[in-house]
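Keep in mind that this is a model prediction, so the values were computed, not measured. A note on names: the letters A, B, ... follow the listed sequences, proteins ahead of strands, and every chain is numbered from 1.
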Amino acid sequence: MKHLLDFQGWSRAQVESLLDTARVMREVLERPVKKVPALQGFTVATVFFEPSTRTRTSFELAARRMSADVVSFTAATSSLQKGESYKDTLLTLEAMGIDAYVIRADAAGVPHQATRWVKGAIINGGDGRRAHPTQALLDAYTLLEALGSLEGKKIAIVGDILHSRVARSNAELLSLLGAEVWCAGPPSLLPQALPGARLTPSLEEALGEADAVMVLRLQKERMETGLVYLEEYIARYQVTERRLGLAKPQAPLLHPGPMNRDVELEGTLADSERSLVNRQVQNGVAVRMAVLYHLLVGREEA
Amino acid sequence: MRFKAELMNAEEMRRALHRIAHEIVEANKGVEGLALIGIHTRGIPLAERIARYLREFEGKEVPVGTLDITLYRDDLTEIGVRPKVRETRIPFDLTGKAVVLVDDVLYTGRTARAALDALMDLGRPKRIYLAVLVDRGHRELPIRADFVGKNVPTAKSEVVKVKVLEVDGEDRVELWEKEEA
């Protein structure tokens with residue numbers, strides 16, 4: 001694959017091969033020298049039209065651990081000129097000789113368009129509500145570490161499903177890897193349909209016998225627009241110790257961060273043994289190293 | 001590719017590895033502080049066999065690790081097909097050890113160069129040796145092997161195929177000719 005925009009066109013074997021590479025990268029991160037010369041001579045640009053310190057830091061660290069050069073471009077753009085400024089920005093970087101672009105944008109589809117503007121590999125670092133494929137890959141990797149296999153496993157995703165690119169990419173990827181994905185949230189925050197997932201307004205239905213639970217962040221702006229009321233959300237959808245009892249014993253807990261403690265998740269659970277949040281962050285670097293290796297080095301074996 | 005000749009049979013391979021094991025003990029004055037590291041893919045079973053012979057001769061266990069050099073290759077910017085990255089597993093501290101790198105064939109020396117760089121990032125061995133089953137010449141770097149099973153003069157148009165029981169189902173070293181493109 002030349003680009004990573006979402007998982008359309010990716011086969012299960014391609015994803016599994018990438019996750020195999022990530023396993024080796026994870027081991028590299030535990031060495032005394034946490035760096036390999038693999039991408040010496042390549043230049044990676046992180047182009048963030050929407051701020052995100054965590055994702056950008058993770059990508060930049062991944063690129064540096066692989067010995068690539070890294071340039072970083074962060075821009076806030078006015079809504080009127082967006083179409084033009086995305087393209088201009090990328091063409092400017094193109095002139096500097098960039099091999100891979102990590103693009104984050106508040107508008108869906110910008111990474112797709114970018115594949116027509118520049119020659120390098122495009123990695124979607126999150127676009128609008130559409131997709132966040134490297135988050136899904138690191139979640140899949142973390143789940144595989146905890147569960148061994150995803151085949152037939154029930155994964156519950158809880159929260160604002162409607163606005164979440166994390167939910168969308170995870171539904172796509174985890175179902176590709178054989179999991180049964182259940183998404184639960186208030187009816188006002190559920191889409192009509194979500195490819196790869198079953199939707200339910202019942203938290204209990206999603207959590208029942210789940211092998212793992214992923215809790216999404218509840219964005220403040222959703223409350224401002226009256227889509228949901230905080231007290232009501234907490235009362236009906238907060239993942240608590242008691243509600244987690246519906247899932248399988250020891251079912252791990254994931255959260256893409258940043259977390260609103262005691263909103264979407266009972267605060268004490270975040271620090272409990274079940275929480276894989278720190279593991280997700282560590283695995284994020286390894287998975288992104290693997291993505292860079294797969295997109296930049298050679299072509300796929302026939 | 002066209003088969004040309006058998007370079008070694010199973011018995012000759014066993015004798016060569018036996019001799020290498022003896023030479024290692026001699027060079028290192030015993031097996032104290034020794035470690036073997038097999039380079040993917042066929043260096044690994046060869047390293048395990050040498051470790052077995054060392055156990056038989058000296059009655060002592062020598063630790064064995066595996067090394068994948070893919071991320072240290074010098075041709076990744078221009079490579080055709082993306083090489084699969086495999087596991088490096090060295091379950092012991094390299095620092096202060098006398099390490100024997102084991103590979104099947106020594107050719108240009110580029111794999112050995114990559115392996116040396118990788119080892120340096122994994123620890124600080126006291127000494128690194130290189131053991132190969134076949135040295136076929138045509139070095140492109142100033143690298144030589146300390147222990148060689150068999151020296152084989154070859155043409156660049158030829159391919160040396162080492163087959164090992166654990167990977168290929170038989171022990172045999174073959175010489176092949178690349179077909180004209």
Side-chain angles (χ1 to χ4, degrees), chain A residues 1-4 13-44 62-69 97-100 120-121 141 145 285-302, chain B residues 1 35 37-41 43-44 63-97 99 101 108-126 128 141 143 167 181:
Chain A
M1 304 300 280
K2 175 152 191 225
H3 309 291
L4 176 60
Q14 282 170 319
V15 170
E16 284 172 342
S17 154
L18 197 147
L19 294 173
D20 282 345
T21 303
R23 210 160 292 127
V24 177
M25 300 308 179
R26 194 73 185 72
E27 180 263 311
V28 168
L29 296 178
E30 274 151 28
R31 293 181 188 175
V33 177
K34 299 168 184 55
K35 186 170 180 156
V36 289
L39 296 184
Q40 224 160 54
F42 289 98
T43 307
V44 176
R64 293 204 168 96
R65 296 279 195 231
M66 297 289 281
S67 298
D69 292 316
I98 303 295
D99 299 293
Y141 184 92
E145 264 187 343
V285 178
V287 160
R288 288 174 176 120
M289 289 164 77
V291 168
L292 289 169
Y293 180 76
H294 276 243
L295 296 186
L296 286 173
V297 175
R299 56 173 195 283
E300 217 145 328
E301 218 167 332
Chain B
M1 281 203 298
I37 294 190
I39 300 175
H40 269 284
T41 303
I44 296 169
V64 181
T66 68
L67 181 67
D68 179 61
I69 57 99
T70 308
L71 297 171
Y72 286 82
R73 287 174 66 137
D74 60 7
D75 58 351
L76 291 176
T77 47
E78 55 210 41
I79 204 156
V81 173
R82 182 180 68 237
K84 189 168 168 49
V85 182
R86 289 155 305 181
E87 187 190 37
T88 290
R89 217 174 62 82
I90 300 179
F92 48 86
D93 188 3
L94 283 172
T95 304
K97 287 259 179 355
V99 172
L101 275 172
T108 61
R110 287 178 193 268
T111 298
R113 193 285 306 165
L116 289 172
D117 282 354
L119 275 191
M120 299 300 180
D121 284 353
L122 290 162
R124 193 174 182 283
K126 181 179 77 183
I128 302 176
L141 300 171
I143 278 173
V167 181

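Of all residues spanning residues 285-297 of chain A, those with a heavy atom less than 4.5 Å away from chain B's heavy atoms are A/Y293, A/H294, A/V297, arranged by number.
With a 4.5 angstrom heavy-atom cutoff, A/R31 touches chain B only via side-chain atoms. Heavy atoms closer than 4.5 Å to chain A are found in the backbone of B/R86, but not in its side chain. Of the two parts of A/K34, neither the backbone nor the side chain holds a non-hydrogen atom closer than 4.5 Å to a non-hydrogen atom of chain B. For B/T70, the part sitting under 4.5 Å from any heavy atom of chain A is the side chain, from C-beta outward, and nothing else.
Going from atom CD of B/E87 over to atom CD of A/E27 covers 7.0 Å, rounded to the nearest 0.5 Å. Rounded to the nearest 0.5 angstrom, B/L71 CG and A/M66 CE are separated by 5.5 Å.
B/V85 pairs with exactly one of A/D20, A/V24, A/V36 by the side-chain contact (heavy atoms from CB on, under 4.5 Å) rule, that one being A/V24.
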Requested in this report: Go through the steps to decide whether B/V81 and A/E300 satisfy the test side chain to side chain contact (heavy atoms under 4.5 Å, CB included), and finish with yes or no.
Outcome: CA-CA 6 Å; B/V81 173; A/E300 217 145 328; over 6 Å; no
